[in-house]
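Keep in mind that the numbers below use all heavy atoms, side chains included, and drop hydrogens, waters and symmetry copies. Per chain, numbering begins at 1; letters A, B, ... match sequence-line order. Predicted model only: the values in this text are computed from it and were never measured.
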Amino acid sequence: MPRVEFNRICKTYADGTRAVVDLDLAVADREFLCVLGPSGCGKSSTLRMLAGLESISSGDLVLDGRRINDVPPQARDMAMVFENYALYPHLRVFENIAMPLVARRRPRAEIRERVQQVAETLQIVEYLRQRPQTLSGGQRQRVALGRAIVRRPKMFLMDEPLGHLEAYLRVQLRAELRRLHERLGATTIYITHDQEEAEAVSDRIAVMENGRLQQLGSLVDLLDRPINRFVAEFIGRIPINMLPARLAGDGQNLQVGAAMMPLSGAQSAKLRSGGTDPLTLGIRPEHVALSSGSAGETISGLSGRVRVIEPQGDSTVIIADTPAGRVSALVPSGCVPSAGEVIELHFAMDCAHVFGADNINLLRAARNSE
Amino acid sequence: MAGIYFRDIYKSFGTSRLFEGLSLACPDRKYLCLLGPSGCGKTTLMRIVAGLTEPDSGEVLIGDKRVNGLPPASRNIGLAFQNYALYPHLSVAGNLAFPLRAPIRRGRYRQAEIEERVKRVAALLRIDQLLHRRVNQLSGGQQQRVALGRALIHDPGVLLLDEPVTHLDARLRYEMRAEIKLLHDRIGTTTIHVTHDQQEALAMGDLIAVMRNGRIEQLGAPLELYHEPATAFVAGFIGDPPMSLVHARLAQENGNTIVQVAGSSLSLSEALAAQANMAPSREIIVGLRPKQVALVERPEAGAVATTVYSHGRVGREQQLVLTFGRDEVHCRTSSAIHVTTGDKVWLSISLDGAKLFDAASGRALAHT
Amino acid sequence: MAASKRADRRTALLLIAPAMLVLVAINIYPFIYALYISLHTFTLGRPTPPRYIGWSNYRDLLDDDRFINSLWVSFKFVAIAAAVEFLVGFALAFLFSAKLRGMATLRKLAILPIMVMPLASGLIWFYIFNENFGAMNWFAFLLGAPHRIPFLTDGKLAILSLVLADAWQWTPFVMLVMFAALQAIPEYVYEAAKMDGLTPWQTFWRVTLPLLRSAIWVVLVLRVVDAFRMIELIYLMTRGGPGGATETLSWYIYSTGFLDQDLGSAAAEAVVMIIAVSIIAQIFVRRLNYGAAT
Amino acid sequence: MSTIVPDKKNAVGAATGARNLAIYLAACLFVGFGLFPLYMMITTSLKTDQQTFAWPPVWLFTPRFQSYYNALFVFGGRSADHYLFNSLVVTLSSSALAVFLGAMAAYGLARFRFRGNRDVAFYILSTRFAPPVGFIVPIYLMVQRSGLLDTQIALIVVYTSMNLSFVTWILRGFFLEIPIEIEEAALVDGYTRWQIFLRVALPLVRPGLAATAILSAIFSWNEFLFASILAPGDAATIPVYLAGFSASMNIDWGEYMAVGTMAVLPIMIFTLALQRHLVRGLTFGAVR
């Protein structure tokens with residue numbers, strides 16, 4: 001049974017900005033849901049409406065079957081972790097963590113015990129007497145987490161909680177957040193613009209852009225079956241290649257530059273029925289293979305000159321300039337061409353996406369129907 | 001054009017000593033990445049080249065010229081700051097022209113030439129449409145280009161970049177990385193690039209110097225660092241995920257050297273055994289890449305019992321963090337395997353391709 | 001390295017020296033000079049040269065009823081004025097924080113008195129408090145006062161009238177500063193308080209008030225110090241009268257020196273005042289320093 | 001009680017109309033109290049003698065602009081225009097000097113580390129608290145000795161010194177807010193310290209310069225104590241001229257109030273237009 005439902009939620013600010021438009025989203029009990037999107041996509045407004053910090057312009061926000069649009073934040077039993085930690089600057093760590101309990105007038109002994117317990121879980125016992133200003137970013141973030149978990153709320157709301165931290169700390173805390181979620185089991189909604197973070201912590205990812213929910217699913221869904229060009233470009237740790245293309249006269253091939261990329265029957269049927277030029281071919285770097293030199297007879301290859309080689313360890317990114325545009329390929333470090341070399345690029349067309357003029361992915365269901 | 005050389009640099013801040021005899025060379029026309037966690041001294045080292053910080057002792061050379069004590073302006077360097085440090089009261093063109101109008105270059109450039117250069121650099125960095133904008137009206141990526149342009153405009157002998165792409169979002173960062181590298185291929189200016197991001201350093205550097213606590217841990221080409229880390233610190237810093245570092249003991253069994261890890265014994269290949277025999281003590285650290293550990297569901301011979309600390313996903317795979325005594329091991333498995341935090345699982349470890357480090361010094365065993 | 005550091009130090013010196021020169025001339029030197037004068041008998045406009053008399057000017061102060069009285073009057077005025085201004089201004093800061101249409105304009109109008117020349121505000125209030133035709137008496141009459149009220153000529157009322165005039169000018173100042181301090185509290189702190197489940201009352205006592213502490217401190221010290229040295233209202237409205245009821249230390253020094261022309265005694269009184277204010281200021285500056293560090 | 005926490009526009013649970021009305025009423029009452037004396041001053045300057053001394057006070061009347069204000073501007077003679085001009089000279093010179101010297105000192109204190117830096121900074125701040133009346137006797141004697149009594153120079157120097165303290169302190173805060181990298185960039189670009197001060201730092205603290213200039217001007221314009229002692233005659237400023245009225249037994253209230261209006265209005269309009277950073281200036285940066 002879903003715990004939280006957004007039903008056609010809209011948020012329009014006084015200046016007319018439409019931050020969230022017709023949002024429909026259901027979050028299941030004990031789920032860890034990430035809302036992912038670039039800055040200004042409406043993800044923060046969504047979270048703040050859920051918290052009660054922002055009023056809802058229209059639509060229904062339902063928690064456990066009860067409409068909570070007008071319930072004040074104090075009565076929603078949700079805890080929030082803010083991007084800037086939002087610690088009380090005048091209070092020590094202990095008092096910061098204790099505040100939610102103080103607000104509920106818990107007995108002193110209980111407060112002391114629970115704060116101590118939380119501090120132990122988060123390994124911040126030694127900082128309890130310090131003020132937030134004397135702590136590092138990572139320590140502050142732990143204090144903010146402590147303040148959220150100390151009162152055992154129904155839900156956690158996290159607004160880019162790791163946004164201000166250094167890269168390696170982020171990776172470490174990511175794992176801890178996931179672990180904490182599994183221990184506490186509370187429903188969590190997590191806002192981020194970082195897809196790596198989203199995939200590392202969450203069960204499902206909701207991608208937002210321009211105030212609208214674009215796609216909801218697991219990371220593999222988003223990678224393999226992006227609904228539109230925005231999702232395809234936003235997801236993927238190495239950006240997807242986007243090349244102008246058109247459907248060849250026979251309808252069986254996709255023409256990219258001078259090269260012909262053969263389409264499967266299903267793909268070609270989809271493109272013929274839905275496609276209008278100009279089309280854009282989207283192909284992920286991991287689905288581009290290389291052969292060096294001009295073997296001559298490959299028809300599916302696009303030739304290009306290697307410009308940049310970026311080693312990543314076991315694999316290497318090759319960036320080549322082709323007549324159709326710049327293409328990145330992710331290849332094993334064993335077989336790397338040298339800069340300036342002319343190579344042939346082969347696309348695994350069964351993993352390709354083709355976007356029409358309206359940026360919708362025309363091949364989205366391709367692999368399922370095959 | 002000139003190389004950059006540090007010789008026996010000492011530097012303290014108050015009572016805390018940062019560099020104690022640091023030496024480092026960046027040959028002419030090379031792209032050197034200084035890589036390390038915050039506080040390792042990489043930015044200070046860059047500032048020493050710029051003359052914004054002076055070492056307590058030791059020599060800094062640009063080309064064959066000793067630059068100690070020389071004011072920053074006379075070192076002929078271009079510097080792009082991490083936060084861009086653009087002049088907010090000037091337009092893009094004003095920012096780009098600022099170094100050319102400096103008193104130290106008075107009379108060197110005529111007005112027409114200044115304008116010409118500004119146009120040329122702006123075109124190179126694709127900001128020619130923005131020349132009359134105020135810099136605070138620009139996006140982060142555009143500001144970054146202006147900062148780069150300002151550093152390049154007077155044809156410096158040395159280019160210093162402090163986290164030049166850190167503040168950009170993922171896609172732009174990826175694009176700018178390639179562009180900066182292409183630019184370097186074209187103009188060939190010796191460049192020092194400061195970063196904390198190992199992926200960025202691997203992708204961009206001709207050379208990488210991994211730094212820690214004011215010391216150079218290792219200097220080498222990117223893949224050299226990846227495949228042959230000189231210290232456990234480098235091994236634990238480079239790669240995504242980096243090597244897992246596991247404390248272990250060397251022991252003898254039937255005349256063969258074996259490794260004891262968390263109660264299990266693992267045998268060593270001949271090559272590794274030879275390395276292990278060079279170890280100064282029995283206590284070692286084993287560095288493992290994720291592909292060397294595999295999850296097995298049942299205890300089997302040679303498998304090591306561990307506990308799941310956390311699990312998440314990376315791309316199509318599942319990434320597990322397993323606790324292993326006081327160590328953590330990163331392991332990748334198919335997403336199909338279901339485990340949760342606290343589960344007991346078994347790991348089969350293959351030591352082929354593992355790296356061995358001395359536990360006390362952290363130095364790689366192997367090459368003597 | 002040593003060379004560039006020395007160059008830096010020279011630049012710093014060149015930058016700071018002119019300002020320090022002016023301050024030495026108009027602040028440090030006069031203080032030392034005041035000390036010197038205070039050890040002499042020195043009368044304005046008399047041809048006899050100053051004569052060294054040691055500490056006797058200071059000793060005289062202890063027996064001087066007018067001096068003791070002026071200390072007491074100063075204390076009364078400062079305490080009442082600062083308390084009234086602070087409490088009312090503080091409350092008004094919350095009132096003016098309400099996010100309502102037109103509030104910004106009202107706020108701009110409300111702070112107009114701060115800019116009024118203190119002497120002119122003395123003039124206006126002198127007129128308003130006039131016993132025969134002043135508006136204040138008219139309001140008192142409307143409220144049912146049986147007879148004309150001698151606002152400035154009654155000992156007890158005169159000091160309260162001064163407080164009212166002072167409060168008119170400076171309550172908006174307290175309001176303005178406290179308002180700015182309230183605005184400076186980041187919104188996220190209140191949001192965190194809401195998420196933590198604090199009631200408005202708890203939020204006020206546990207969050208807002210502690211966060212305003214340094215601003216409260218600044219405002220209080222500024223009001224105390226400035227009320228202590230206020231002289232214009234007295235000059236125009238009461239001239240220390242009636243019967244010394246409004247003779248503050250500031251006024252007493254002014255009148256000793258320039259009405260009675262006894263510069264030696266005035267200097268001794270001034271030295272006492274400077275030291276007293278310096279102690280207050282030092283405590284304050286230290287606190288401010290502490291506040292800036294955290 | 002809910003006004004205890006400043007409420008955010010969009011927060012859940014909107015304020016009620018009755019509460020809003022009460023807030024408006026209270027705010028208007030306070031504004032009315034603040035404006036009433038100013039109203040009295042301006043109206044009295046436009047009243048006839050009979051209206052001025054009338055009981056009950058006259059609230060509605062036909063204003064009469066002519067005589068009082070005309071009397072203020074007898075050019076060449078000793079009337080308000082002469083003193084207004086004196087005030088203008090003293091105010092502009094001392095503000096400009098204070099801001100210029102203060103900016104230099106502030107930059108030196110903000111950007112250079114040397115022993116005693118903090119002590120100097122705190123000394124400069126602490127002069128803000130010095131009671132002027134405590135310094136009046138020695139300064140009077142110093143000015144008298146140097147033959148500068150009743151000159152504008154004496155007032156300009158004294159006001160400059162009194163303004164320096166907060167000008168330096170506030171601008172120091174503004175300079176500290178400039179990211180050091182911007183100045184380092186200029187250093188690398190080939191500029192000297194002094195040029196960086198003039199061409200990079202000063203333009204970046206323009207709001208601070210404006211705020212301190214305004215506050216210096218207000219102070220210099222309004223100052224009475226030193227003006228009355230150091231420049232009682234020909235060089236007197238407008239407050240001294242104003243004070244002269246009250247000495248006579250038969251005050252000409254109309255003219256008196258007209259001078260007051262002339263003394264108060266310019267600076268008030270001036271500051272009303274430029275309110276940014278006012279609080280920061282008034283509290284020397286302790287509150288923004």
| said: Between D/Leu97, D/Ile218, D/Ile124, D/Val167, who has the most heavy-atom pairs with chain C when the cutoff is under 4.5 Å? | reply: D/Ile124
| task | Flag the one option from D/Leu101, D/Val133, D/Val157 with the top tally of heavy-atom pairs under 4.5 Å to chain C. | result | D/Val133
| Largest heavy-atom contact set with chain C, pairs under 4.5 Å, which of D/Val120, D/Thr168, D/Ile238, D/Ile229 | D/Ile229
| query | Which answer fits C/Arg101, side chain, backbone, both or neither, if we ask what part of it has an atom under 4.5 Å from a heavy atom of chain D? | reply | both
| query | Given the options C/Val207, C/Leu209, C/Leu92, C/Ile253, which has more heavy-atom pairs under 4.5 Å with chain D than any of the others? | reply | C/Leu92
Throw together a table of side-chain donor-acceptor distances under 3.5 angstrom for residues 107-129 of chain C, partners on residues two or more places apart or in other chains.
{"residue": "C/Ser121", "atom": "OG", "partner": "C/Pro118", "partner atom": "O", "Å": "2.8"}
{"residue": "C/Ser121", "atom": "OG", "partner": "C/Gln169", "partner atom": "OE1", "Å": "3.2"}
{"residue": "C/Tyr127", "atom": "OH", "partner": "D/Thr52", "partner atom": "O", "Å": "3.1"}

| request: Pick one of side chain, backbone, both or neither for C/Val225, based on which atoms fall under 4.5 Å of a heavy atom in chain D. | output: side chain
| field | D/Phe33 atom CZ, neighbour heavy-atom count above 12 within 6.0 Å | value | yes
| Under 4.5 Å from a heavy atom of chain C, the part of D/Phe114 involved | side chain
| Of the listed residues (C/Ser278, C/Ala91, C/Ser250, C/Gly257), which shares the most heavy-atom pairs with chain D below a 4.5 Å separation? | C/Ser250
Ignoring hydrogens and angles, write down the donor-acceptor pairs under 3.5 Å from the side chains of residues 138-145 of chain D, residues two or more places apart or on other chains.
{"residue": "D/Arg145", "atom": "NH1", "partner": "C/Tyr33", "partner atom": "OH", "Å": "2.8"}
{"residue": "D/Arg145", "atom": "NH2", "partner": "C/Tyr33", "partner atom": "OH", "Å": "3.0"}

| field | Contact winner vs chain D - C/Val88, C/Val22, C/Ile231, C/Ile274, heavy-atom pairs under 4.5 Å | value | C/Ile274
| task | Check each atom of C/Met103 against the heavy atoms of chain D and say whether the ones under 4.5 Å are side chain, backbone, both or neither. | result | side chain
| If you count heavy-atom pairs under 4.5 Å between each of D/Pro37, D/Gly134, D/Gly260 and chain C, which one has the most? | D/Pro37
| message | For D/Phe53 and C/Phe133, take the angle between the two ring planes, folded into 0 to 90°, and tell me which bin it lands in: parallel under 30, tilted 30 to 60, perpendicular over 60. | response | perpendicular
| Contact class of C/Asp226 relative to chain D, heavy atoms under 4.5 angstrom | side chain
| said: Quick check on D/Ser165 against chain C: is it the side chain, the backbone, both or neither that has a heavy atom closer than 4.5 Å? | reply: neither
| field | D/Tyr107 and D/Phe197 aromatic ring geometry - parallel, tilted or perpendicular at 30°/60° bounds | value | tilted
| Is chain C contacted by the side chain of D/Val264, its backbone, both, or neither, given a heavy-atom distance below 4.5 Å? | side chain
| message | Can you tell me which portion of D/Leu109 sits under 4.5 Å from chain C's heavy atoms? Options are side chain, backbone, both or neither. | response | both
| task | Counting only heavy atoms closer than 4.5 Å, note whether C/Phe179 contacts chain D via side chain, backbone, both or neither. | result | neither
| Which answer fits C/Asn132, side chain, backbone, both or neither, if we ask what part of it has an atom under 4.5 Å from a heavy atom of chain D? | backbone
| For chain D, the option from C/Pro30, C/Ala193, C/Ala266 that forms the most heavy-atom pairs under 4.5 Å | C/Pro30
| query | With a 4.5 angstrom heavy-atom cut-off, which part of C/Tyr235 approaches chain D: side chain, backbone, both or neither? | reply | side chain
| note | With chain C, the option among D/Thr127, D/Ile267, D/Asn117 that has the most non-hydrogen atom pairs under 4.5 Å is D/Thr127
| task | Tell me, for D/Leu265 versus chain C, whether the close heavy atoms (under 4.5 Å) come from the side chain, the backbone, both or neither. | result | neither
| request: Tell me, yes or no, whether the heavy-atom count around C/Arg148 atom CZ, taken from other residues, nucleotides or ligands under 6.0 Å, exceeds 12. | output: yes
| query | Between C/Tyr254, C/Phe228, C/Phe141, which shows the greatest number of heavy-atom pairs under 4.5 Å with chain D? | reply | C/Tyr254
| said: Can you tell me which portion of C/Ala165 sits under 4.5 Å from chain D's heavy atoms? Options are side chain, backbone, both or neither. | reply: neither
| Contacting moiety of D/Trp221, where chain C heavy atoms sit under 4.5 Å | both
| request: Under 4.5 Å heavy-atom distance to chain D, tell me which part of C/Phe139 shows up: side chain, backbone, both or neither. | output: side chain
